[in-house]
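None of the values given here were measured: they were computed from a predicted structure. By convention in this document, chain letters (A, B, ...) are assigned in the order of the sequence lines, proteins followed by strands, and residues within each chain are numbered from 1. These numbers come from the heavy atoms of this one structure, side chains and all, not from hydrogens, waters or symmetry mates.
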Amino acid sequence: MPELPDAEKGKVVTRFPPEPNGYLHIGHAKASIVDYEYARMYDGKFILRFDDTNPENAQFEFYDVQKEDLRWLGVEWDKEYRTSDNLEKHYKLAEQLINQGDAYICNCSPDVIKEGRFHGKECCCRDVSCGENIDLWKDMILSSTEGTVLRLKGDMTCKNTAMRDPTLFRVIDKPHPIHGSRFRLWPTYDFAGAVEDSISGVTHPFRTKEYELRDECYFRLLDLLKLRKPHLMEFARLSIDGMPVSKRKIKPLIEQGLVTGYDDIRLPTLRGLKKRGILPEAIKQFVLSQGISKVESTVTFGIVEAFNRKLIDPTARRYFFVKDPVKLVVEGAPSKEKSIIFHPTDKKLGSRTIKTGKTFFVPKADMEKIKTGDVFRLKDLFNVKIKEKNDTIFAEYAGEELISESAKIQWTTDDFVKMKVFVPHLLFEGDKYNPDSLETVQGFAEKAVSTIMTGEIIQFERFGFVRIENTDNQVTGFFAHK
RNA sequence: GCUCCCGUGGUGUAGUCCGGUCAAUCAUUCCAGCCUUUCGAGCUGGCUACACGGGUUCGAAUCCCGUCGGGAGCACCA
């Protein structure tokens with residue numbers, strides 16, 4: 001990561017400010033990892049701040065859910081707090097603004113405000129005196145009539161529309177998950193974000209590029225409040241080809257039943273990625289490889305897969321899984337108790353023993369390519385020569401000698417476990433939902449697969465890496481990648 | 001419509017602030033070869049890029065202007 005401007009060892013403070021309203025996704029991972037890594041790089045501090053200033057959005061369960069997600073990612077915070085706990089401070093600062101004549105109460109309807117902004121016209125609420133505004137403000141805190149807002153006295157003719165008297169506070173008469181009905185007046189993002197970054201000591205806050213126009217407002221507010229100004233920075237939002245990386249796009253998919261939930265393996269949510277067998281370390285490497293530039297780009301998920309593959313390949317045990325199994329009977333096959341190692345290079349990963357007889361199952365797709373008379377090898381076992389191809393394939397034993405150019409095909413005996421593997425594909429092709437995005441592959445796995453612990457990531461040879469979910473005699477796999 | 005941001009190989013990124021050492025990084029993809037009892041991993045080699053036009057300068061990916069292309073904002077959501 002590039003150096004931070006005006007950064008001193010031991011003095012950098014960063015922050016990750018999620019709104020507790022959903023599960024974290026890879027976009028959050030990018031933000032939190034960048035914040036966290038910069039804090040570490042400079043021996044600084046990293047703050048987790050819940051931006052829960054909208055009781056309509058904040059939900060009790062998600063404070064903990066998001067912390068769990070972050071812990072899984074390996075992000076550790078030095079301090080944690082909620083913006084909502086500082087509400088009274090925000091009220092004081094707002095009052096200061098009103099007293100200085102820099103903010104005013106506005107009773108206009110949202111439509112009128114919008115109109116005024118669009119045409120650069122001030123409204124009559126702007127001319128009310130400070131004294132009157134203070135009275136109105138106090139009323140607003142106590143009796144909170146919905147529809148009344150506090151606005152910054154900005155510049156209604158400013159080219160930057162974010163400066164045309166943005167709303168600073170508004171009434172939301174809904175119970176808050178933490179504070180119940182104690183407050184009804186809540187700061188907007190513009191106010192709360194700037195104030196919190198400053199008073200919590202953050203030196204280098206990051207946000208995504210779409211907030212760029214708000215920088216001016218951010219600094220204006222801090223100027224007027226005579227608060228310290230952090231070194232605000234923006235980077236491009238992460239986008240992945242065929243995957244929705246935002247709460248806005250993910251939520252409707254769940255509501256419409258187009259995905260199975262927040263942990264659907266087609267989704268780039270942290271829970272989805274975990275279920276699929278993507279390691280937190282792979283997410284971290286991926287995110288850091290993207291950097292913090294402002295260039296908008298669409299990455300293929302293949303990059304994440306590549307990082308993940310490098311991480312899991314050395315430790316993933318190899319097993320046999322036969323997709324669309326076809327029965328193979330081998331005449332003259334010697335009965336064996338064959339010990340087969342779990343990993344081609346790392347012997348420490350051990351081995352399993354498989355008892356073989358004359359009956360095997362092999363993948364249909366492989367058998368379609370093989371003709372009568374051909375010789376192939378049951379991988380790690382022996383060679384076999386095809387005699388007759390029907391629904392069942394008949395073959396004869398063809399020796400132990402390794403023939404380098406013959407195909408090596410995975411197999412199971414008749415002592416197998418039935419299993420289902422869910423294979424994720426791109427959720428979207430262009431803008432269109434892909435109805436075939438979740439493929440179910442059925443097949444037989446060797447018996448040992450039934451004893452694998454839930455959560456272990458293995459490789460089915462010639463098939464791909466799979467995370468196993470093993471519950472109550474039901475063996476399921478989630479395909480990570482090739 | 002207005003405003004702002006962005007534009008380096010097939011993809012993604014480093015380099016742009018402070019012009020020369022940058023035809024130039026790293027990763028991934030693809031292709032070829034080696035290795036391998038997996039279509040996995042590893043190893044070797046290869047392809048291909050500074051959006052376009054003009055200006056400033058001895059010299060521009062880097063600074064300025066314009067064109068084109070992409071994205072975002074114009075909320076009482078963060």
Side-chain angles (χ1 to χ4, degrees), chain A residues 1-2 5 17-22 51-54 56-58 83 106 108-111 113-114 117-118 120 146-151 158-164 166-172 185-190 192-193 207-216 234 236-241 246-248 285-286 288-300 302-307 309-310 312-314 316 318-320 340-341 343-346 365-366 376-383 400-404 406-410 459-465 481-482:
Chain A
M1 294 197 294
E19 184 180 36
N21 73 333
D51 263 350
D52 54 349
T53 53
N54 185 341
E56 284 184 330
N57 292 347
T83 301
C106 182
C108 299
S109 71
D111 284 345
I113 292 179
K114 198 173 177 173
R117 253 194 212 119
F118 191 80
E146 240 167 300
T148 312
V149 298
L150 181 74
R151 292 224 262 166
C158 187
K159 280 195 169 175
N160 182 354
T161 48
M163 292 307 289
R164 322 246 257 228
T167 299
L168 268 21
F169 280 81
R170 78 297 205 202
V171 173
I172 300 173
L185 224 208
W186 295 94
T188 57
Y189 170 80
D190 278 319
R207 34 155 57 157
T208 41
K209 226 174 67 158
E210 64 267 26
Y211 296 114
E212 249 178 337
L213 277 312
R214 322 283 270 280
D215 286 9
E216 196 179 347
E234 272 105 7
R237 200 177 197 122
L238 185 62
S239 40
I240 301 176
D241 187 37
S246 74
K247 164 112 195 190
R248 210 189 79 237
Q285 290 179 7
F286 163 71
L288 292 176
S289 79
Q290 290 308 295
I292 50 166
S293 87
K294 287 186 184 178
V295 184
E296 314 101 16
S297 54
T298 305
V299 208
T300 39
I303 310 260
V304 180
E305 295 179 354
F307 281 120
R309 191 179 297 116
K310 285 217 171 85
I312 63 180
D313 186 80
R318 316 292 149 125
Y319 289 89
F320 291 154
I340 301 173
I341 50 171
H343 195 278
T345 51
D346 191 350
D366 286 315
F376 70 91
R377 189 177 184 83
L378 294 170
K379 187 168 180 288
D380 299 314
L381 231 210
F382 48 63
N383 303 322
E400 308 272 326
E401 193 194 350
L402 193 60
I403 307 163
S404 55
S406 83
K408 285 97 190 171
I409 288 169
Q410 77 276 28
Q459 190 204 51
F460 282 140
E461 295 198 45
R462 306 207 309 137
F463 183 79
F465 293 93
H481 44 74
K482 265 265 161 208

Undergrad: What are the two closest non-hydrogen atoms of A:Glu212 and A:Lys294, and how far apart are they?
TA: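 Minimum heavy-atom contact is OE2-NZ, 2.5 Å.
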Undergrad: What is the nucleic acid contact for A:Phe169, judged by heavy atoms within less than 4.0 Å: base, sugar-phosphate only, or nothing?
TA: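 If one applies the 4.0 Å heavy-atom cut-off, A:Phe169 turns out to touch nothing in the nucleic acid.
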Undergrad: Using only side-chain N and O atoms of A:Thr188, determine if any of them is under 4.0 Å from OP1 or OP2 of B:A78.
TA: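 No.
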Undergrad: Is there a side-chain contact between A:Ile113 and A:Cys106 in this structure, where contact means two heavy atoms from C-beta onward sitting under 4.5 Å apart?
TA: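 Result yes, sub-4.5 Å side-chain heavy-atom pair found.
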Undergrad: Remember a base hit wins even if backbone is also touched, and classify A:Thr208 as base, sugar-phosphate or nothing at under 4.0 Å, heavy atoms.
TA: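 Nothing: the residue A:Thr208, judged by heavy atoms under 4.0 Å, touches no strand.
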Undergrad: Of the options B:C76, B:G12, B:U38, whose atoms approach the side-chain atoms of A:Glu461 most closely?
TA: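 Closest nucleotide among those given: B:U38.
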Undergrad: If you check every side-chain atom of A:Glu212, which of B:A78, B:U13, B:C4 has the closest atom?
TA: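 Of the candidates, B:C4 comes closest.
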Undergrad: What is the base-pairing partner of B:C34, counting Watson-Crick and G-U wobble geometry with both distances under 3.5 Å?
TA: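 Check on B:C34: paired to B:G42, both distances under 3.5 Å.
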Undergrad: Under 4.0 Å: is that the gap between some side-chain N or O of A:Arg207 and OP1 or OP2 of B:A72?
TA: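 No, no such contact exists.
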Undergrad: Please determine, for the side chain of A:Lys408, which listed nucleotide (B:U38, B:A78, B:U13) has the closest atom?
TA: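 For the A:Lys408 side chain, the nearest candidate turns out to be B:U38.
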Undergrad: To the nearest Å, give me how far apart CD1 (A:Ile341) and C1' (B:A41) are.
TA: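 My rounded result for the distance is 14 Å.
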Undergrad: Looking at the base of B:A78, is there any donor atom on it, or on the side chain of A:Tyr211, that sits under 3.5 Å from an acceptor on the other one?
TA: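 Looking at the base of B:A78, it does pair with a donor or acceptor on the side chain of A:Tyr211 (distance under 3.5 Å).
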Undergrad: Can you see if the side chain of A:Arg170 gets near the phosphate of B:C77 - specifically, an N or O under 4.0 Å from OP1 or OP2?
TA: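 Yes, within the criterion.
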Undergrad: Base, sugar-phosphate alone, or nothing: which one does A:Pro344 contact when heavy atoms must sit under 4.0 Å apart?
TA: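 A:Pro344: base contact, heavy atoms under 4.0 Å.
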Undergrad: Check each of A:Asp346, A:Asp380, A:Asp313 against A:Arg318 using the salt bridge (Lys or Arg N to Asp or Glu O under 4.0 Å) test, and report the only one that passes.
TA: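 With A:Arg318 as partner, A:Asp346, A:Asp380, A:Asp313 yield a single salt bridge (Lys or Arg N to Asp or Glu O under 4.0 Å), made by A:Asp313.
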Undergrad: Rounded off to whole Å, could you give me the CZ-to-C1' distance for the A:Arg117 and B:G1 pair?
TA: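 After rounding, the reported distance stands at 18 Å.
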Undergrad: For A:Glu56 and A:Arg309, take the nucleotide of RNA chain B holding the closest heavy atom to each; which residue's nucleotide lies nearer the 5' end?
TA: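 Looking at the nearest nucleotide for each, A:Arg309 comes out on the 5' side.
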Undergrad: Start at the 5' end of RNA chain B and walk down; is the nucleotide closest to A:Gly291 or to A:Lys482 reached first?
TA: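 Looking at RNA chain B, the more 5' nearest nucleotide goes with A:Gly291.
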Undergrad: In whole angstroms, how far is the C1' atom of B:C6 from the CD1 atom of A:Ile292?
TA: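 From A:Ile292 CD1 to B:C6 C1': 15 Å.
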Undergrad: Nearest heavy-atom pair of A:Leu238 and A:Gln290: which atoms, and what distance?
TA: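 So the two residues come closest at CD1-CG, 4.1 Å.
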Undergrad: Look at A:Ser404 and B:U36 and indicate whether a side-chain polar atom (N or O) is within less than 4.0 Å of OP1 or OP2.
TA: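 So the side-chain polar atoms of A:Ser404 never come under 4.0 Å of the phosphate oxygens OP1 or OP2 of B:U36.
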Undergrad: Does the side chain of A:Arg164 get closer than 4.0 angstrom to OP1 or OP2 of B:C74 through an N or O atom?
TA: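 False: A:Arg164 side-chain N/O out of range (4.0 Å or more) of B:C74 OP1/OP2.
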Undergrad: Without decimals, in angstroms, what is the distance between A:Asp215 CG and B:A72 C1'?
TA: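 Between C1' of B:A72 and CG of A:Asp215: 13 Å.
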Undergrad: Closest to the A:Asp313 side chain: B:U38, B:C4, B:A41?
TA: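 The answer is B:A41.
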Undergrad: For A:Glu401, does the CD atom have more than 12 heavy-atom neighbours from other residues, nucleotides or ligands under 6.0 Å away?
TA: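 Counting other residues, nucleotides and ligands, CD of A:Glu401 stays at 12 neighbours or fewer.
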Undergrad: Heavy atoms under 4.0 Å, any strand shown: does A:Glu296 hit a base, just sugar-phosphate, or nothing?
TA: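 Base: the residue A:Glu296, judged by heavy atoms under 4.0 Å, touches a nucleobase.
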Undergrad: A:Leu213 has an atom CG; how far is it from atom C1' of B:A78, in whole Å?
TA: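 Those two atoms, CG and C1', are 16 Å apart.
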Undergrad: Any ion pair linking A:Lys209 and A:Glu296 (charged N to carboxylate O, less than 4.0 Å)?
TA: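 Yes, A:Glu296 and A:Lys209 are salt-bridged.
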Undergrad: Which nucleotide, B:G1, B:C76, B:A78, lies nearest any side-chain atom of A:Val149?
TA: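 The nucleotide sitting nearest to the side chain is B:C76.
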Undergrad: Counting the atoms with a prime plus P, OP1 and OP2 as sugar-phosphate, which does A:Glu19 contact under 4.0 Å by heavy atoms, base, sugar-phosphate, or nothing?
TA: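 Touches sugar-phosphate only.
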Undergrad: Look up atom CG in A:Leu213 and atom CE in A:Met163, then write down how far apart they are to the nearest 0.5 Å.
TA: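 If I round to the nearest 0.5 Å, the distance is 11.0 Å.
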Undergrad: Looking at B:U38, B:C6, B:A78, which one has an atom nearest to any side-chain atom of A:Arg214?
TA: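 Among the listed nucleotides, the one closest to the side chain of A:Arg214 is B:A78.
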Undergrad: Which listed nucleotide (B:A78, B:C6, B:A75) is nearest to the side chain of A:Lys114?
TA: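 Of the candidates, B:A75 comes closest.
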Undergrad: Taking only side-chain N and O atoms of A:Thr161, does any of them lie within less than 4.0 angstrom of OP1 or OP2 on B:C74?
TA: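 No, outside the criterion.
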Undergrad: Starting at atom CZ of A:Phe307, determine the distance to atom C1' of B:A27, rounded to an integer number of angstrom.
TA: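 Spelled out: CZ on A:Phe307 to C1' on B:A27 is 6 Å.
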Undergrad: For A:Lys294 and B:C17, what is the distance between atoms NZ and P respectively, to the nearest whole Å?
TA: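 So the NZ-P distance, A:Lys294 to B:C17, works out to 15 Å.
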Undergrad: Over how many whole Å does the gap from A:Lys159 atom NZ to B:G1 atom P extend?
TA: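 Roughly 16 Å, once rounded to whole Å.
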Undergrad: If we call it a pair only when both distances are under 3.5 Å in a Watson-Crick or G-U wobble match, what pairs with B:C4?
TA: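 The answer is B:G71, by the H-bond criterion.
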